[in-house]
Amino acid sequence: MNHWLLKSEPGTFSIDDLAARPRKTTSWDGVRNFQVRNMLRDAVKKGDQAFFYHSSCAVPGIVGIVTVAREAYPDATAFDPKDAHYDAASTPENPRWYAIDVKLIARFDRVVTLDELREHASTTLSDLLILRRGNRLSVTPVAKREWDFILSLA
DNA sequence: GCCAACGTTGGC
DNA sequence: GCCAACGTTGGC
């Protein structure tokens, strides 16, 4: 099983929004970055687990855990001209973008803040991509060692 | 609102 | 294939 970190802006879709969904499951769609597309399509597998990270908010940080309930499938929002993520270059016959389904496993009692993660940037979390300057990918891999360490902080 | 970082686009 | 312009992300 691989581990990941998924970013979401809580003003758009928060972990509480996920908790309120039927079966606590949502389609993780709207990804329009090729690197992230490739990861979703080729590397993210059913049963993988991911941290749910709140970005662009008062206290950025990790707020819970989700699991991959469904592997990559064509992102239907790309086919809808009225959708904000519409892409005329993506068709059902030849889809360019992919989505996955994620299901909430746990909402942390507190936020493991970005500041807190940074405290370990020179040691255990030195390779964590979210701590790299300029990292903007909405999906990033997390090593098992990093995963276990962050879980111990929560 | 500012700014750094970086991906994408398009002219050449 | 290069690179400037532009758009987006995200912390602050």
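Throughout, protein chains are lettered first and strands after them, A, B, ... in sequence-line order, and every chain is numbered starting at 1. Predicted model only: the values in this text are computed from it and were never measured.
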Open item on the list: Between the side chains of A:Arg21 and A:Asp17, is the shortest nitrogen-to-carboxylate-oxygen separation below 4.0 Å, so that they form an ion pair?
Closed with: no
Open item on the list: Whether A:Asp75 and A:Arg96 form a salt bridge (side-chain N of Lys/Arg under 4.0 Å from carboxylate O of Asp/Glu) is what I want to check.
Closed with: no
Within less than 4.0 Å of OP1 or OP2 of [N], is there a side-chain N or O belonging to [X]?
X	N	value
A:Lys7	C:dT9	no
A:Arg32	B:dT9	no
A:Tyr53	C:dT9	no

TODO: With A:Arg70 as the cation and A:Tyr73 as the aromatic partner, state whether NZ or CZ is under 6.0 Å from the six-membered ring centre and within 45° of the axis.
DONE: yes
Taking the side chain of [X] as its heavy atoms from C-beta onward, which of [options] lies nearest to it?
X	options	answer
A:Phe34	C:dC12, B:dT8, B:dG7	B:dT8
A:Ser55	C:dG10, B:dG7, C:dC12	C:dG10
A:Arg136	C:dT8, C:dG11, C:dG10	C:dT8
A:Ser56	B:dG7, C:dG11, C:dC12	C:dG11

TODO: Find the distance A:Arg132:CZ to C:dG11:P and express it as a whole number of Å.
DONE: 16 Å
TODO: Would you check, one step at a time, whether the test side-chain contact (heavy atoms from CB on, under 4.5 Å) holds for A:Phe108 with A:Leu151?
DONE: CA-CA 10 Å; A:Phe108 291 163; A:Leu151 269 189; 4.1 Å; yes
